[in-house]
Amino acid sequence: MFRHAGWPGGNCLQAMQVLTTVLLKPGEADRILAGHPWIYHGSVLRLTQPAADGELVQIKDHRQRFLGVGFYNSRSKINVRVISPERVTVDQAFFEERIRAALAVRQRHLPNATSFRVVNAESDALSGLIVDKYEDVLVVQTSSLGMDQRKPIILAALQGMFSPRAIVERNEAASRKFEGLPDANGILAGSLEGPVAITLNGLRFEVDVLGGHKTGLYLDQQVNYQRVAELARGGQVVDAFSFHGGFGLHAARAGAAHVHLLDQSAEAIAAAMRNAAANGLAEQCSSEAVNVFDWLKAQTVTQPHEKIVPRWDLIVLDPPSFTRNRASVPDALRGYKEIHLRALKLLKTGGTLATFCCSHHVNAGLFQDTVLSAAFDARRVLRRVATYSQSPDHPIIPMIPETEYLKGFAFEVVR
Ligand code: SAH
């Protein structure tokens, strides 16, 4: 009965000994050693014994060198998601430690934020787990089978650390299908009525955590809202693809003369105008529920010999990702070019274009090339005055290229 008592870690060691080993093919270990957590089916040489989907396995290279432990899923193209380079036990304490480390990163880089992404999957060595904090409400996404199966201990860890009013699950990500997981959406703990009122950079926003885009808001732009707003003072501003008015409301508060919000979703526009009113900014704001492509076209189509009179000082373009895969990049670039071409025609000389691209498949260089090609066609010369990235609660791990997706620029129109 006391056999393990004098042998610290004995239980843990025993548990480890029964872990199935996934052996990698020659040449496949370096990626994992470098810190990338994904092991594709094609990299696997063999398993030493059958493993259940979701089970913790150990990974070794073809020479039996230990590389780490991770969650196995035969149904996914990503057969193993590495969770640690060490022989860890994945229990509640493990999640507490990882989440605490992730939280410390946010506290260091976003010290004043009360709503932010607490855990950003691969960025925080927790592939398959996203946790967003909207004041005292947490929103969780589990996009891998291994994580999904461990939801009870993850929730227990979150309860202990944050004592949230509610924990909500927003599990409709397309990636869940590739893991064999069904959609799931609802309250996992606590209770919630109506939208959550949050403060972002001192502005109030209403967040519909159960039904909004992503997990409710685009937290990845939190830092950029303020930086772009610095360029808005006194100006006539367009916030195109505004969603709930993140850029527009920050610009209005920073002293824009007027902000025009555009989004094709009538609900998003209604929420943006409610947010404008809640912050005392409604008088400075107008809005239209329109397709931005159509709006820009209507503003830029001219009769023969008619000239466009540029009337805007700042145009913000923050469209959704136009491409989810490499194959559709050319189409996406045509879309990006069109909105830039038209937006550039509408800007006054000296005006500013603040533009974002959230597609992982279009990198900053390609994105800038597209803007420059539009500028050439519009016969405008640009001065780049700022570059933007995702907010630090969506950390970039360069060894894991998939963690980097949001890029943006501010360009002034020289002529
Ligand atoms: N700038 C926003 C996020 C934009 S997300 C923020 O910081 O919160 C993209 C938005 O574009 C969504 O709200 C979506 O409804 C809208 N959208 C997508 N395609 C559109 C189109 N063609 N015209 C207008 N809005 C569009």
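If you're wondering where the values come from, they're calculated on a predicted model, not measured in any experiment. Atoms within a ligand are numbered from 1 in the order they appear, just like the ligands themselves.
Taking 4.5 Å as the limit, every side-chain heavy atom of Ser143 sits out of range of all side-chain heavy atoms of Ile130. A heavy-atom distance below 4.5 Å is found between the side chains of Asp148 and Arg176.
A donor-acceptor pair under 3.5 Å links the side-chain atoms of Thr48 to the main chain of Thr21, judged by distance alone. Counting only distance, with no hydrogens or angles, the side chain of Ser144 and the backbone of Met147 share a donor-acceptor pair below 3.5 Å.
The shortest separation from a heavy atom of Trp295 to ligand 1 is not under 4.0 Å, leaving the residue out of contact. Ligand 1 is never approached by Ala268 to a heavy-atom distance shorter than 4.0 Å. In this structure, Asp294 has no heavy atom closer than 4.0 Å to ligand 1.
Of the polar atoms of Leu262, none of the N or O atoms is found under 3.5 Å from an N or O of ligand 1, judged by distance alone. At under 3.5 Å, not a single nitrogen or oxygen of Tyr218, backbone or side chain, sits near a nitrogen or oxygen of ligand 1.
When each atom of ligand 1 is checked for a heavy atom of Asp318 under 4.0 Å away, the hits are 1 (N), 2 (C), 3 (C), 4 (C), 6 (C), 7 (O), 9 (C). Ligand-side atoms of ligand 1 in range of Val290: 23 (N), 24 (C), range being under 4.0 angstrom from any heavy atom. Below 4.0 Å from some heavy atom of Tyr225 lie the following atoms of ligand 1, by number and element: 6 (C), 7 (O), 8 (O).
Looking at Phe205, Phe241, Phe356, it is Phe241 that brings a heavy atom closest to atom 4 (C) of ligand 1. Across Glu267, Gln264, His250, Gln222, heavy-atom proximity to atom 20 (C) of ligand 1 is greatest for Gln264. Proximity annotation for atom 16 (C) of ligand 1: of Asp239, Asp263, Val316, Asp263 comes nearest, heavy atoms only.
Contacts between Ala240 and ligand 1 below 4.0 angstrom, taking non-hydrogen atoms only, are absent altogether.
Looking at Arg98, His394, Arg106 one by one, the single match for side chain to side chain donor-acceptor pair (under 3.5 Å) with Asp124 turns out to be Arg106. Paired with Leu67 under the rule side-chain contact (heavy atoms from CB on, under 4.5 Å), one option of Val80, Leu23, Leu33 passes, and it is Leu33.
For an aromatic pair to be called close, the ring centres must be under 6.0 Å apart, and Phe356 with Tyr218 fails this.
Using a cut-off of 4.0 Å between Lys/Arg side-chain N and Asp/Glu carboxylate O, Asp377 and Lys337 are scored as salt-bridged.
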